[in-house]
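Structure first, commentary second.
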2 protein chains.
Amino acid sequence: MNSTIEAILQHRSIRHFTEQKIEDEKLELILRCANAASSSSFMQCCSIIRVSLPDVRAKLAELAGGQTYVESASEFLVFCADFNRHQQIHPDAQLGFTEQTLIGAIDTGIMGQNALLAAESLGLGGVYIGGIRNNPQQVTELLGLPKHVLPLFGMCLGYSAKLPEVKPRLPLSIVVHQERYQNLDKQELEQYDQHIKMYYASRSRNNRQTSWSEQITATLNKESRPFMQGYIEGQGFSLK
Amino acid sequence: MNSTIEAILQHRSIRHFTEQKIEDEKLELILRCANAASSSSFMQCCSIIRVSLPDVRAKLAELAGGQTYVESASEFLVFCADFNRHQQIHPDAQLGFTEQTLIGAIDTGIMGQNALLAAESLGLGGVYIGGIRNNPQQVTELLGLPKHVLPLFGMCLGYSAKLPEVKPRLPLSIVVHQERYQNLDKQELEQYDQHIKMYYASRSRNNRQTSWSEQITATLNKESRPFMQGYIEGQGFSLK
């Protein structure tokens with residue numbers, strides 16, 4: 001155990017922030033850490049849009065489904081897959097491959113996690129905002145994103161006002177498979193469902209009565225942002 | 001600055017390992033850290049396949065394009081987006097959305113980076129292996145991956161035998177945009193190209209003469225795994 005591992009294991013999403021601003025030198029470290037991330041084939045195909053203007057923040061909070069902390073957090077960063085940079089360098093670049101969508105999403109996730117962990121190690125908290133994918137076209141216009149740039153997630157960062165409980169994850173025995181893919185052990189799932197039910201019922205905020213299986217069943221009864229395919233193709237991704 | 005940030009900023013891909021095995025308790029911590037990652041809508045849609053059998057490792061090394069360290073590293077983990085788990089729980093789950101491919105790739109990237117950083121904080125080194133996407137169908141068969149599981153990248157972990165130089169990244173002024181997307185500053189790019197040219201010419205191994213612009217131009221003159229779209233659709237991803 002060491003302080004990095006402690007920070008990772010203590011992760012919880014922070015949605016309530018104090019009014020204290022993140023110091024410039026801390027923000028600089030967070031961004032440098034984001035930028036130090038591994039990069040597939042050294043493509044460096046990620047960009048970060050830092051949004052500070054209050055009216056743009058308010059609009060993004062609304063577009064993300066009324067997530068007010070997008071407006072109130074000290075910092076809000078939008079992480080994008082970015083192959084526009086490459087096209088500026090090489091106008092005839094072969095773009096539009098599904099593989100590049102995967103690289104972009106994976107590498108942007110890696111970069112985001114470097115940023116979040118750096119922030120957490122500095123005593124800050126944060127949360128990923130997938131809600132910017134609710135209205136990707138409007139986000140694209142608001143941030144002036146050209147073709148070949150895909151806004152994948154936002155991140156709120158700031159000083160935590162409230163520290164929620166750590167949410168229990170699926171057991172490692174379900175997530176980690178030895179040699180070959182193993183089907184779910186229904187007994188372990190049942191135990192986990194009981195565990196998460198107790199967590200939801202007893203946590204300090206936003207209590208509810210649900211197991212993980214019930215929760216994902218409800219989520220997957222609905223379509224999952226069915227406009228996304230058309231949107232990303234319009235941005236020049238996943239065309240072939 | 002703190003030890004987490006130092007570890008992040010000191011990251012370099014490790015491809016040469018000593019014969020020392022990773023201790024069980026360290027591996028357990030690494031996997032727990034992977035599992036503590038943020039999860040979009042708490043879908044928990046990632047799985048890790050730990051491959052230990054030498055003949056499977058040898059085959060994966062070959063499939064990844066002759067990357068011998070896939071065989072020789074103490075640990076080799078394959079990180080997958082996994083919605084099969086959800087389908088086992090809810091056979092009528094609505095799957096196949098492009099949005100789920102994005103969530104899967106982003107969340108698996110986040111999880112991978114937790115694992116790599118945990119390993120680095122424990123004095124280990126590692127490298128992402130995107131090369132498992134060279135032959136995804138064969139990897140799928142080798143690991144017994146069912147539909148709705150997508151092998152996204154591998155990761156070699158072990159004790160570093162050689163510590164290469166840290167590779168200079170694009171400057172933050174290019175990667176981070178304020179408020180709106182900004183086009184490349186060609187002068188900054190030119191400076192970075194000179195910088196990376198010096199790095200490649202002077203590094204201790206695998207010297208070469210190339211700028212970043214030249215490198216990405218060469219990469220993007222070629223198709224990028226054009227079979228990927230058909231493969232992931234066959235696995236039940238990005239169909240709508």
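Treat the numbers as computed from the prediction; the structure is a model and nothing was measured. In the text below, chain A, chain B and the rest are named by the order of the sequence lines, each starting its count at 1.
Judged purely by atom type and a 3.5 angstrom limit, Glu214(A) uses its side chain to pair as donor or acceptor with the backbone of Ser211(A). Remark: side-chain polar atoms of Ser224(B) are not paired, donor with acceptor, to backbone N or O of Leu220(B) under 3.5 angstrom. Between the side chain of Gln235(A) and the backbone N or O of His148(A) there is no donor-acceptor pair closer than 3.5 Å.
Ser40(B) and Asp107(B) share no donor-acceptor pair across their side chains, judged by distance under 3.5 Å alone. Side chains of Ser238(A) and Gln229(B): a donor-acceptor N/O pair is absent below 3.5 angstrom, by distance only.
Per-residue counts of heavy-atom pairs under 4.5 Å with chain B were compared for Lys167(A), Glu99(A), Met228(A), Gln113(A); the largest is that of Glu99(A). Between chain A and the options Thr217(B), Val78(B), Leu31(B), the largest number of non-hydrogen pairs under 4.5 Å is found for Thr217(B). Here Trp212(A) is the residue among Tyr231(A), Trp212(A), Phe83(A), Phe227(A) with the most heavy-atom pairs under 4.5 Å with chain B. By number of non-hydrogen pairs under 4.5 angstrom with chain A, the leading residue of Leu239(B), Ile48(B), Thr98(B) is Ile48(B). Chosen from Gly96(A), Pro226(A), Ser121(A), Pro168(A), the residue pairing most often with chain B at heavy-atom distances under 4.5 Å is Ser121(A). With chain B as the partner, the residue from Gln44(A), Gln10(A), His11(A) showing the most heavy-atom pairs under 4.5 Å is Gln44(A). With respect to chain A, the highest number of heavy-atom pairs below 4.5 Å among Leu152(B), Val56(B), Thr101(B), Leu150(B) belongs to Leu152(B). Top candidate by heavy-atom pairs under 4.5 Å with chain B, chosen from Phe97(A), Phe79(A), Phe76(A), is Phe97(A). Of the residues considered (Thr108(A), Asp92(A), Leu122(A)), Leu122(A) shows the highest number of contacts with chain B, using heavy-atom pairs under 4.5 Å. For the options Ile30(B), Asp82(B), Leu77(B), heavy-atom pairs under 4.5 Å to chain A are most numerous at Asp82(B). Across Val176(B), Ile216(B), Leu170(B), Leu189(B), the residue that shares the most heavy-atom pairs under 4.5 angstrom with chain A is Leu170(B). The candidate from Glu120(B), Arg12(B), Arg32(B) with the greatest count of non-hydrogen atom pairs under 4.5 Å with chain A is Arg32(B).
For a residue to count as touching a neighbouring chain, one of its non-hydrogen atoms must lie under 4.5 Å from one of that chain's; by this rule Val149(B) touches chain A with the side chain only. With a 4.5 Å cut-off on non-hydrogen atoms, Met111(B) touches chain A through its side chain but not through its backbone. Heavy atoms closer than 4.5 Å to chain A are found in both the backbone and the side chain of Ile174(B). Residue Ala34(B): no heavy atom, backbone or side chain, is found under 4.5 Å from chain A. Of the atoms belonging to Lys186(B), it is side-chain heavy atoms, and not backbone ones, that fall under 4.5 Å from chain A. In this structure, chain B has heavy atoms under 4.5 Å from both the backbone and the side chain of Ser213(A). Heavy atoms closer than 4.5 Å to chain A are found in the side chain of Arg133(B), but not in its backbone. With a 4.5 angstrom heavy-atom cutoff, Leu29(B) touches chain A only via side-chain atoms. Proximity to chain B is limited to the backbone of Ala37(A), based on heavy atoms less than 4.5 angstrom apart. Using a 4.5 Å cut-off between heavy atoms, Phe42(B) touches chain A through backbone and side chain atoms alike. In this structure, no portion of Ala7(B) lies under 4.5 Å from any heavy atom of chain A. Heavy atoms closer than 4.5 Å to chain A are found in both the backbone and the side chain of Ser3(B). Heavy atoms closer than 4.5 Å to chain B are found in the side chain of Asn2(A), but not in its backbone. Residue Asn84(B) touches chain A through both its backbone and its side chain, counting heavy-atom pairs closer than 4.5 Å. Within the 4.5 angstrom heavy-atom criterion, no atom of Ile129(B) approaches chain A. Proximity to chain A (any heavy atom under 4.5 Å) is shown, for Cys80(B), by neither the backbone nor the side chain. For Glu141(B), the part lying near chain A is the backbone, with the side chain staying farther off; criterion is any non-hydrogen pair under 4.5 Å.
Summarising the geometry of Gly112(A) relative to Tyr128(A), their closest heavy-atom pair is C-OH, 3.3 Å, with the distance given to 0.1 Å. Taking every heavy atom of both residues into account, Cys33(A) and Asn114(A) meet most closely at O-ND2, 3.0 Å. The two residues Ser47(A) and Tyr181(B) have their closest heavy-atom pair at OG-CE1, 4.3 Å. Residues Leu116(B) and Val127(B) approach most closely at CD1-N, 4.5 Å, considering heavy atoms. The heavy-atom pair separating Ile103(B) from Cys45(B) by the smallest distance is CG2-SG, 3.8 Å. Considering every non-hydrogen atom in both Asn221(A) and Gln94(B), the closest pair reads O-NE2, 3.2 Å.
With a 4.5 Å cut-off on side-chain heavy atoms, Gln178(A) and Ser52(B) count as touching.
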### Task
Begin from the C-alpha positions of Ile89(B) and Leu184(A) and carry the test side chain to side chain contact (heavy atoms under 4.5 Å, CB included) through to its verdict.
CA-CA 9 Å; Ile89(B) 294 171; Leu184(A) 261 177; 3.5 Å; yes
### Task
Please test Arg180(B) against Ile49(A) for side chain to side chain contact (heavy atoms under 4.5 Å, CB included), starting from the C-alpha separation and ending with a verdict.
CA-CA 7 Å; Arg180(B) 289 175 69 84; Ile49(A) 319 286; 5.8 Å; no
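Remark: His195(B) NE2 is loosely packed, at most 12 non-hydrogen atoms of other residues, nucleotides or ligands lying under 6.0 Å away. Heavy-atom neighbours of Asp55(A) CG from other residues, nucleotides or ligands within 6.0 Å: above the threshold of 12.
Glu179(B) has no carboxylate O lying under 4.0 Å from a charged side-chain N of Arg50(A), or vice versa, which leaves the two without a salt bridge.
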